[in-house]
Number of protein chains: 2
Amino acid sequence: MSIAEPLQEPCAEATQHDCKHGRAANGCEDCKVRLFSVCAALESSELEELDRISQARKVQARTMLFEQSALAGSVFNVTEGVVRLYKSLPDGRRQIVGFALPGDFLGLALQDRYGVTAEAVGRVSVCRFARSAFLAYVDGKPHLLRRLHEFAGHELSLAQDQMLLLGRRTAEEKIAAFLLNMQARYARIGAVSVTVPLPMSRQDIADYLGLTIETVSRTLTRLAREKAVLIVPDGVRLLDQERLKRIGAG
Amino acid sequence: MSIAEPLQEPCAEATQHDCKHGRAANGCEDCKVRLFSVCAALESSELEELDRISQARKVQARTMLFEQSALAGSVFNVTEGVVRLYKSLPDGRRQIVGFALPGDFLGLALQDRYGVTAEAVGRVSVCRFARSAFLAYVDGKPHLLRRLHEFAGHELSLAQDQMLLLGRRTAEEKIAAFLLNMQARYARIGAVSVTVPLPMSRQDIADYLGLTIETVSRTLTRLAREKAVLIVPDGVRLLDQERLKRIGAG
DNA sequence: CGGCGGCATTGATGCAAATCAATGCCGCAT
DNA sequence: ATGCGGCATTGATTTGCATCAATGCCGCCG
């Protein structure tokens, strides 16, 4: 665990928002936390309170935010960059169970252990909340509790989709579904584009999809050869989204 | 959806319990619902109230309790038998995301859609709650809300374990882990035994572990040949649990 | 009793993805 | 510049599991 010194600095660049107007927003210019769908459930006074109990922190690539067997002492909100969440087998085999993008929370399950390891993919900014402070904050707000529960339900649903993908889909289907999914997720945080950023390594993608690095590489090159995608530095441009949807449709 | 006529009959056989004493229990003799770990969070008066809003129902094998795309209008508590929860691809490929045993809840995520299909494996008894009644019941009880949230977190953690299993483990490891897991689950509901009941078909096990029926069969036969297990009607006796743990350890 | 249908087992063969093995590409430090 | 280390790509080969194909077992019903 390396969640040591709190830095208390606000998030780098601010984005448009309208929290108190009830729409999904990218966060508040004067806030450290970055909220998306949770936001609608918060009054702006509550958001300020949330902000007050948070500690902003920037970490460099490969920094471990927490380890799977560690006691879940903190809740994190990712504000910049990508975090990989994974489980490992004793012999080193690894399964990435998710990538956290800006706006996502980590440690929200409120179990006593994290259960997964969280590691910065590149440079990452997070806001940290002491578990106790977060719980105290949430406890008096039933509407928030409900919202968090719905969130957990959504997470579970995504996990089940991923099970279907891991257990029953081919390499090509996995890749296509992954690309479309990443595109949709970036779109939701305001980065709508046919060019999907892939800040994580091929090994990360492989460990997310239950494949090897070679199969990921080969499948991407094949899709590129067939003009379905164009591989660009740190990302992929989706040229034939229709075809990708046909392949990756769930 | 075939959650039609409420039958209003109590659960078949009763089991020992001590809900109001704060320990995990098997349910109440005079109650229809069957609670395990949730129970500790409930006062007996609350349990009665929960019971009052429930409708008991017995269904035969292969009955669909709900379909993945259906609106989540009900919450279920399994009281007898096993329910399979699965997702399907348009072409028929199926991934079972979990088996619900007596004491388990279905539809607790409180999403608007179920997201998975639930089907009785054999004869099954459930208690049904109208979603609205269940929500009304839960709403005034923050401790219960918290508990449900912890539950959701636990479910998510199990789902992540399953991702690791599906993405990164061999057929033999999958089978061994599955057997030990089923044993542990039956133990928790009071059926401690080296003989693990397997009421579901080989096809179900295959669809749960991301394998084919033939691979499940072959792997079990091999484990039997190597005296790690003994295959019995509707179950497996774990002869060499140490070996199974070595194979299936996570 | 016999035949039928659904499931499980077992064997032969095929194939998608893993493994093994270079090679290439780049950023970076010397 | 040059060499080095980390990642990605590409090719050759292997292999674990899937697929295809019987065969067996058993409960059920006429």
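Note that the structure is a prediction, hence the values are computed from the model and not measured. Every chain is numbered from 1, with letters handed out A, B, ... down the list of sequences.
Legend: side-chain hydrogen bond (donor to acceptor under 3.5 Å, both in side chains) pairs involving residues 223-232 of chain A, not counting sequence neighbours, sorted by first then second residue: E226(A)-R243(A).
Residues forming a side-chain hydrogen bond (donor to acceptor under 3.5 Å, both in side chains) with T170(B) (at least two apart in sequence, or on another chain): E173(B). With sequence neighbours excluded, the residues forming a salt bridge (Lys or Arg N to Asp or Glu O under 4.0 Å) with K87(A) are D161(B), listed by chain and number. Among residues two or more places apart in sequence or in another chain, the salt bridge (Lys or Arg N to Asp or Glu O under 4.0 Å) test is passed with E155(A) by none. Residues satisfying the side-chain contact (heavy atoms from CB on, under 4.5 Å) test with A100(A), not counting sequence neighbours, are V78(A), V83(A), D104(A), L106(A). Residues forming a side-chain contact (heavy atoms from CB on, under 4.5 Å) with Q111(A) (at least two apart in sequence, or on another chain): A109(A), E150(B), H154(B). With sequence neighbours excluded, the residues satisfying side-chain hydrogen bond (donor to acceptor under 3.5 Å, both in side chains) with T195(B) are R237(B). Applying the salt bridge (Lys or Arg N to Asp or Glu O under 4.0 Å) rule to R202(A) yields no partners; only residues at least two apart in sequence or on another chain are considered. With sequence neighbours left out, R246(A) forms a salt bridge (Lys or Arg N to Asp or Glu O under 4.0 Å) with no residue at all.
For DNA chain C, the span of nucleotides reached by chain B at under 4.0 Å from its heavy atoms goes, 5' to 3', from dA8(C) to dA12(C).
The side-chain heavy atoms of L223(A) and E172(A), taken from C-beta on, include a pair separated by under 4.5 Å.
In terms of position along DNA chain C, the nucleotide closest to E214(B) lies nearer the 5' end than the nucleotide closest to the other residue of the pair E214(A) and E214(B).
A heavy atom lying under 4.0 Å from DNA chain D marks the following residues of residues 198-213 of chain B, by number: G210(B), L211(B), T212(B). Residues from residues 160-180 of chain A with heavy atoms under 4.0 angstrom of DNA chain D: there are none.
With rounding to whole Å, R218(B) atom CZ is found 9 Å from dA18(D) atom P.
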